[in-house]
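Only heavy atoms go into these numbers, but all of them, side chains included; no hydrogens, no water, no symmetry mates.
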Amino acid sequence: MATSTHKLILAFFIISIFTSQVHGEEECQADSAGSCVDKKAALPLKIIAIASILVTSMIGVCLPLFSRSIPALSPDRDLFVIVKAFAAGIILATGFMHVLPDSFDMLWSTCLPETPWHKFPFTGFVAMLSAIITLMVDSMATSVYTKKNNAGIKPADNETDQDAEMAVVNAPQGHFHGHHHGPAASKDQPIGAQLLRYRVVAMVLELGIVVHSVVIGLSLGASNNTCTIKPLVAALCFHQMFEGMGLGGCILQAEYKLAKKAIMVFFFSVTTPFGIALGIALSNVYKENSPDSLITVGLLNASSAGLLIYMALVDLLAADFMGQKLQGSIKLQLKSYAAVLLGAGGMSLMAKWA
């Protein structure tokens, strides 16, 4: 399901950009960058960007997945909670400081007609709808699976239906170990609702990141401005690494099988390099300041921003800070808040270059 969804999004994006440029007649010219525009000099930089961003993306998303071999970084330890809060701050800043402002700039561009683009805040509207739709998917998927899960549980003789239900819903750290009284869970035992939440979070979060990654890769690949490409490559490497750490932590808690983990790691790692390669291929067709491109990319950025902001605030930060572990320790809460501010602050600083 995840693979087909990714393919559909990428196909829709490519077709939208290509057709809008082939058939579009009006283009708004970008400001002259003088001697910085050099197509031949920019190409080697883009090739370096593909390789370096691919490597840093893989490192970032894989680091949390190998943390099980380090006892201090296991999901039930305090350090893991702090690192996850740091990553959540990065994802929150990505939505607020990178994706959302880009969408505002594109949809309020002077290259677009006054009506309707300058008469209505489409960026805020689309981001709001995206957050609501994400909530619907998040809530309904969890609700449907929880009912299905509870229907398949047969309580023990000395256990009420309510006890059995609570044992599943409140399974710690996404596991269903059968710690309640009665027989232990077998391999066929339905997984806990908390583990399902982790899996929904990981899937939806990757979806938003994939859309955002293709867009920023396309912009880099289509640009021939060597003065902006150089700092942008360095900023994107850090951006992808830290964003990958946030996604990797969610994948770790979701406890997917090895094949599913490999698929999610692959798609996260290759989407930005793919976007760069696509931008290079369409550099003669794709014009980032044409009205059709501004509208397409601007709306995609707005929807991605709404999704990322919702996921960071609701499924990552609120879920952890209102959970039993952090509620039981003010000291751990303060450390986690510091981690959130550090992650959000660092990613906000990168908004100057990327």
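By the side chain to side chain contact (heavy atoms under 4.5 Å, CB included) test, F266 pairs with V270, sequence neighbours left out. Partners of F86 under the ring-ring contact (aromatic ring centres under 6.0 Å, His included) rule, at least two apart in sequence or in another chain, are F242. L258 pairs by the side chain to side chain contact (heavy atoms under 4.5 Å, CB included) definition with nothing, not counting sequence neighbours. In this structure F66 satisfies the ring-ring contact (aromatic ring centres under 6.0 Å, His included) test with no other residue, sequence neighbours excluded. For D78, the salt bridge (Lys or Arg N to Asp or Glu O under 4.0 Å) partners are K325, not counting sequence neighbours. Taking K40 as the reference, nothing meets the side chain to side chain donor-acceptor pair (under 3.5 Å) condition, with sequence neighbours excluded. By the side chain to side chain contact (heavy atoms under 4.5 Å, CB included) test, A338 is found to be paired with no residue, residues two or more places apart in sequence or in another chain being considered. For L65, the side chain to side chain contact (heavy atoms under 4.5 Å, CB included) partners at least two apart in sequence or on another chain are I251, L252, V265.
Neither V81 nor L334 shares a network with the other; the hydrophobic side chains, linked directly or stepwise wherever heavy atoms of I, L, V, M, F, W or Y lie under 4.5 Å apart, form separate groups for each. No chain of hydrophobic side-chain contacts below 4.5 Å, direct or via other Ile, Leu, Val, Met, Phe, Trp or Tyr residues, connects L341 to L92. Connection of I48 to L54 is not established within any shared hydrophobic cluster, with ILVMFWY side chains joined at heavy-atom distances below 4.5 Å, either directly or through further cluster members. The hydrophobic cluster containing M322 does not contain V200, counting ILVMFWY residues as joined when their side-chain heavy atoms lie under 4.5 angstrom apart, directly or transitively.
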Residue pair S57, V61: steps toward the side chain to side chain contact (heavy atoms under 4.5 Å, CB included) verdict: CA-CA 6 Å; S57 296; V61 74; over 6 Å; no
Please assess F80 against Q253 for the test side chain to side chain contact (heavy atoms under 4.5 Å, CB included), listing each intermediate value before the final yes or no. CA-CA 11 Å; F80 180 84; Q253 286 188 311; 3.6 Å; yes
Could you give me the CA-CA distance, side-chain angles and deciding distance for M311 and I91, then say whether side chain to side chain contact (heavy atoms under 4.5 Å, CB included) is met? CA-CA 8 Å; M311 297 297 294; I91 293 172; 5.5 Å; no
Please walk me through it: do T228 and L220 pass side chain to side chain contact (heavy atoms under 4.5 Å, CB included)? CA-CA 9 Å; T228 60; L220 175 60; over 6 Å; no
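Across all non-hydrogen atoms, the minimal contact from A85 to S336 is CB-O, 3.6 Å. Contact record, A305 with G95: CB-O, 3.9 Å, taken as the closest heavy-atom pair. Considering every non-hydrogen atom in both A254 and L195, the closest pair reads O-CD1, 3.3 Å. Shortest non-hydrogen contact noted between M347 and A93 is CB-CB, 3.6 Å. The shortest non-hydrogen separation linking T271 to S213 is OG1-CB, 3.4 Å. Across all their heavy atoms, S269 and P273 have their closest contact at O-CD, 3.3 Å.
Without hydrogens or angle criteria, S143 side chain to S139 main chain gives no donor-acceptor distance under 3.5 Å. Side-chain N or O atoms of Y256 include none that pairs as donor or acceptor with a backbone N or O of A262 at under 3.5 Å. Of the possible polar contacts, one joining the S303 side chain to the L300 backbone as a donor-acceptor pair under 3.5 Å is found. The main-chain N or O of G221 is found under 3.5 Å from a side-chain atom of K46 such that the two form a donor-acceptor pair. Side-chain N or O atoms of T56 include one that pairs as donor or acceptor with a backbone N or O of I53 at under 3.5 Å. Proximity of a side-chain donor or acceptor of S293 to a complementary backbone N or O of N289 within less than 3.5 Å is not detected.
Within the structure, the ring-ring contact (aromatic ring centres under 6.0 Å, His included) test picks out the following pairs touching residues 320-351 (sequence neighbours left out): F321-Y337. Legend: salt bridge (charged side-chain N to carboxylate O under 4.0 Å, His left out) pairs involving residues 304-321, not counting sequence neighbours, sorted by first then second residue: K84-D320, R197-D315. Listed by first then second residue, pairs satisfying side-chain hydrogen bond (donor to acceptor under 3.5 Å, both in side chains) with a partner in residues 111-137 read S103-T123, E114-H118, not counting sequence neighbours.
To the nearest 0.5 Å, the span separating OG1 on T226 from CG on L43 amounts to 12.5 Å. Going from atom CG of D102 over to atom CE of M97 covers 10.5 Å, rounded to the nearest 0.5 Å. One finds the CG atom of L112 at 9.5 Å from the CG atom of D292 (value rounded to the nearest 0.5 Å). With rounding to the nearest 0.5 angstrom, the CG atom of D105 is 10.0 Å from the CG atom of L100. If you take CZ on F125 and CG on L107, they are separated by 13.0 Å, rounding to the nearest 0.5 Å. Rounding to the nearest 0.5 Å places CG of L294 at 5.5 Å from SG of C111.
Using a 4.5 Å heavy-atom threshold, the side chains of I82 and L332 count as touching. By the 4.5 Å heavy-atom criterion applied to side chains, L308 and S304 are counted as neighbours. Residues H212 and T94 are in side-chain contact: their nearest non-hydrogen atoms beyond the backbone lie under 4.5 Å apart.
Through chains of ILVMFWY side-chain contacts below 4.5 Å, L63 is grouped with V55, I59, M241.
The environment of M128 atom CE is dense: over 12 non-hydrogen atoms of other residues, nucleotides or ligands sit within 6.0 angstrom.
Aromatic pair H98/H239: ring centres closer than 6.0 Å.
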